[in-house]
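Have a look at the structure below before the remarks.
Letters go in sequence order (proteins before strands), and every chain restarts at 1. Hydrogens, waters and symmetry mates are skipped; everything else that's a heavy atom, side chains included, is used.
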There are 2 protein chains.
Amino acid sequence: MTRQVTSLSPTFSPLYRQIKELMMSSLEAGEWGPGDAIPSESELALRFGVSQGTVRKAIDEMAAENLLVRRQGKGTFVATHNDPRSFFRFLRLVPNEGGLQQSHSEPIECWRAKAGQDVARVLGLEVGKPITIVRRLLSFDAEPVVLDEIYVPSDLFPDLSLEILKGSDQSLYSMYESRYGVRMIRAEERIRAVAADKSNADLLRVPEGSPLLLVERVAFTYGNKPVEWRRGFYSTQKHHYLNELG
Amino acid sequence: MTRQVTSLSPTFSPLYRQIKELMMSSLEAGEWGPGDAIPSESELALRFGVSQGTVRKAIDEMAAENLLVRRQGKGTFVATHNDPRSFFRFLRLVPNEGGLQQSHSEPIECWRAKAGQDVARVLGLEVGKPITIVRRLLSFDAEPVVLDEIYVPSDLFPDLSLEILKGSDQSLYSMYESRYGVRMIRAEERIRAVAADKSNADLLRVPEGSPLLLVERVAFTYGNKPVEWRRGFYSTQKHHYLNELG
DNA sequence: CAGTGGTCTAGACCACCCC
DNA sequence: GGGTGGTCTAGACCACTGA
């Protein structure tokens with residue numbers, strides 16, 4: 001482990017953050033895959049030539065960012081969307097009353113297209129690059145609640161198709177992870193109120209013109225790379241979007 | 001400092017968390033007021049009879065919860081809503097394009113009433129207790145964007161009136177803090193899409209029936225005590241609600 | 001029981017701020 | 001220069017897990 005000269009460096013970063021960057025590389029390179037246990041703190045300390053406390057602080061930050069999950073007595077694990085605990089991390093819609101509901105995702109269509117200006121800008125692609133578009137309906141207790149239009153670059157998800165979507169029983173992000181090796185770690189949502197058009201209204205079984213939430217989401221993988229754009233139309237008759245402000 | 005017997009205690013909590021609770025009491029009791037510097041880490045370590053590292057970990061958690069603010073070389077300070085840095089902590093509405101906008105809050109009405117069932121439930125009051133209701137219009141660059149209906153228990157904000165609201169140039173939460181000693185530390189927002197009624201539509205200068213965001217917020221002070229309920233109608237023509245999903 | 005993460009300590013030194 | 005928070009270390013011990 002090479003220590004940097006700190007006092008003269010204009011871009012000083014503490015040792016634990018350098019360790020964190022090294023560990024991020026291991027995650028990004030797939031040395032530690034989703035669900036895997038990473039080496040123990042003492043092993044990592046040995047490998048990087050620092051004290052256990054320094055490794056610990058690096059892991060602390062990564063756990064706070066939901067990249068790693070610590071389990072006392074067992075070890076530290078790479079977070080995965082397969083874990084039911086992280087299932088609702090990206091879906092903030094909850095029923096107005098009552099507890100957990102049975103959720104079901106019904107794929108409607110899936111086709112290829114060329115990236116228009118908007119998608120290209122959001123996903124950092126060149127205009128005209130192939131993208132894959134998915135429409136799907138999400139239901140709670142058999143009532144349609146969310147209509148999603150999902151845009152992803154085709155090169156990252158080469159064989160994504162309606163058949164594959166229908167054959168999968170996992171969440172979409174679980175499938176991205178296990179089938180395409182793309183892990184979503186962060187997202188931004190922009191929310192507006194809009195009136196339902198004919199097509200959306202029919203699918204969500206609400207009158208045309210009804211107010212809907214429009215939730216536009218950009219999801220990012222390692223290195224802050226945007227890889228999915230999504231427009232979700234939420235019917236908020238019996239559900240609402242819940243947000244905690246710290 | 002009395003250390004607890006750890007291994008036999010069914011409600012084990014580590015030392016740093018006990019220190020944190022003691023410090024929370026100091027905050028709640030007003031020993032350290034908003035904006036004040038709290039004692040240095042070494043002083044606190046001495047006072048509580050623990051090592052500096054343990055105090056540090058307690059402060060770490062409180063800083064992560066936005067209760068304290070660390071400033072290297074200067075000290076650790078009690079967070080305050082007067083600080084411009086924490087101004088947008090609770091307002092997630094941002095313009096679709098362009099940067100900062102001039103914001104202006106215009107109080108419309110302010111009156112007393114008795115708590116109905118809904119307000120009483122949300123604020124943990126008895127039905128019939130006196131509450132104060134405020135309506136106000138928030139504008140960005142002189143365009144009305146948010147119409148708020150705000151419900152607070154009158155006993156906590158005894159002399160709240162239209163005159164006081166009009167005379168104040170601070171944010172509402174700054175005023176709660178400096179005038180009534182009530183500090184908001186956390187909030188929950190529930191978001192739905194609704195159609196504008198006549199009154200809201202006129203004030204927000206949109207057609208009647210236009211889709212609006214309805215943002216219902218419960219804000220909490222120390223000890224997770226709810227002290228404000230708020231229904232905000234957001235016009236999302238030129239703005240949107242921004243949410244980061246970690 | 002051994003191995004993991006979690007807590008706590010004491011001490012050294014660095015970076016930052018202000019007098 | 002003296003005070004503050006920030007980093008790093010080495011070592012001890014505790015709590016939890018699973019064989």
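Computed from coordinates, the B/Leu44 CG to D/dG5 C1' distance equals 12 Å when rounded to whole Å. C/dG6 atom P lies 11 Å from atom CG of A/Leu68, rounded to whole Å.
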Might you list the N or O atoms of the protein lying below 3.5 Å from N or O atoms in nucleotides 11-13 of chain D, with each pair's distance?
none

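Donor-acceptor pairing under 3.5 Å is lacking for the side chains of B/His240 and A/Glu216. If you check the side chains of A/Asp60 and A/Tyr16, you find no donor sitting under 3.5 Å from an acceptor. Side chains of B/Gln102 and B/His104: no donor on one and acceptor on the other come within 3.5 Å. Side-chain contact of A/Asn66 with A/Arg186: a donor-acceptor pair under 3.5 Å is absent, judged by distance alone.
Residues passing the salt bridge (Lys or Arg N to Asp or Glu O under 4.0 Å) test with B/Arg217 are B/Glu189, sequence neighbours excluded. Residues satisfying the salt bridge (Lys or Arg N to Asp or Glu O under 4.0 Å) test with B/Glu97, not counting sequence neighbours, are none. Among residues two or more places apart in sequence or in another chain, the side chain to side chain donor-acceptor pair (under 3.5 Å) test is passed with A/Arg89 by none. Judged as a salt bridge (Lys or Arg N to Asp or Glu O under 4.0 Å), and not counting sequence neighbours, the contacts of A/Lys238 are A/Glu143. Applying the side chain to side chain donor-acceptor pair (under 3.5 Å) criterion to A/Lys20, with sequence neighbours excluded, gives A/Glu61, A/Glu65. In this structure A/Asp169 satisfies the side-chain contact (heavy atoms from CB on, under 4.5 Å) test with no other residue, sequence neighbours excluded.
A sub-4.0 Å separation between OP1 or OP2 of D/dG5 and a side-chain N or O of B/Arg56 is absent. Between A/Lys57 and the phosphate of D/dC8, there is no side-chain N or O to OP1/OP2 separation shorter than 4.0 Å.
Contacts between residues 24-34 of chain A and DNA chain D, defined by a heavy-atom separation under 4.0 Å, are absent. Near DNA chain C, meaning a heavy atom under 4.0 Å from it, residues 71-81 of chain B has B/Gln72, B/Gly73, B/Lys74 in order of number.
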Expected list for residues 34-44 of chain B: side-chain donor-acceptor pairs under 3.5 angstrom, two or more places apart:
residue	atom	partner	partner atom	Å
B/Asp36	OD2	B/Gly33	N	2.9
B/Ser40	OG	B/Ser42	OG	3.2
B/Ser40	OG	B/Glu43	N	3.3
B/Glu41	OE1	B/Gln52	NE2	2.9
B/Glu41	OE1	B/Arg56	NH1	3.2
B/Glu41	OE2	B/Arg56	NH1	2.7
B/Glu41	OE2	B/Arg70	NH1	2.9

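Contact of the A/Leu67 side chain with the A/Met23 side chain is not registered, since no non-hydrogen atoms from C-beta on lie closer than 4.5 Å. Inter-residue side-chain proximity for A/Phe157 and A/Thr132 is flagged as unmet; no heavy-atom pair is nearer than 4.5 Å.
Of all nucleotides listed (D/dG6, C/dG5, D/dT4), D/dG6 comes nearest to the side chain of B/Glu41. Considering only side-chain atoms of B/Leu15, the nucleotide from C/dG5, C/dT9, D/dT7 that sits closest is C/dT9. Listed nucleotides C/dT4, D/dG5, C/dC8 differ in distance to B/Thr54; the shortest reach to its side chain belongs to C/dC8. Of the candidate nucleotides C/dT4, C/dT7, C/dA15, C/dT7 has the atom lying nearest to any side-chain atom of B/Tyr16. Minimum atom distance to the side chain of A/Phe12 is reached by C/dA15, of the listed D/dT4, D/dG6, C/dA15.
Residue pairs meeting the ring-ring contact (aromatic ring centres under 6.0 Å, His included) criterion with at least one member in residues 55-83 of chain B, sequence neighbours excluded, are B/His81-B/Phe90, B/His81-B/Tyr173.
Taking five base pairs at each end of the helix from C/dC1-D/dG18 to C/dC18-D/dG1, the local helix axes there meet at an angle of 10°, rounded to 10°.
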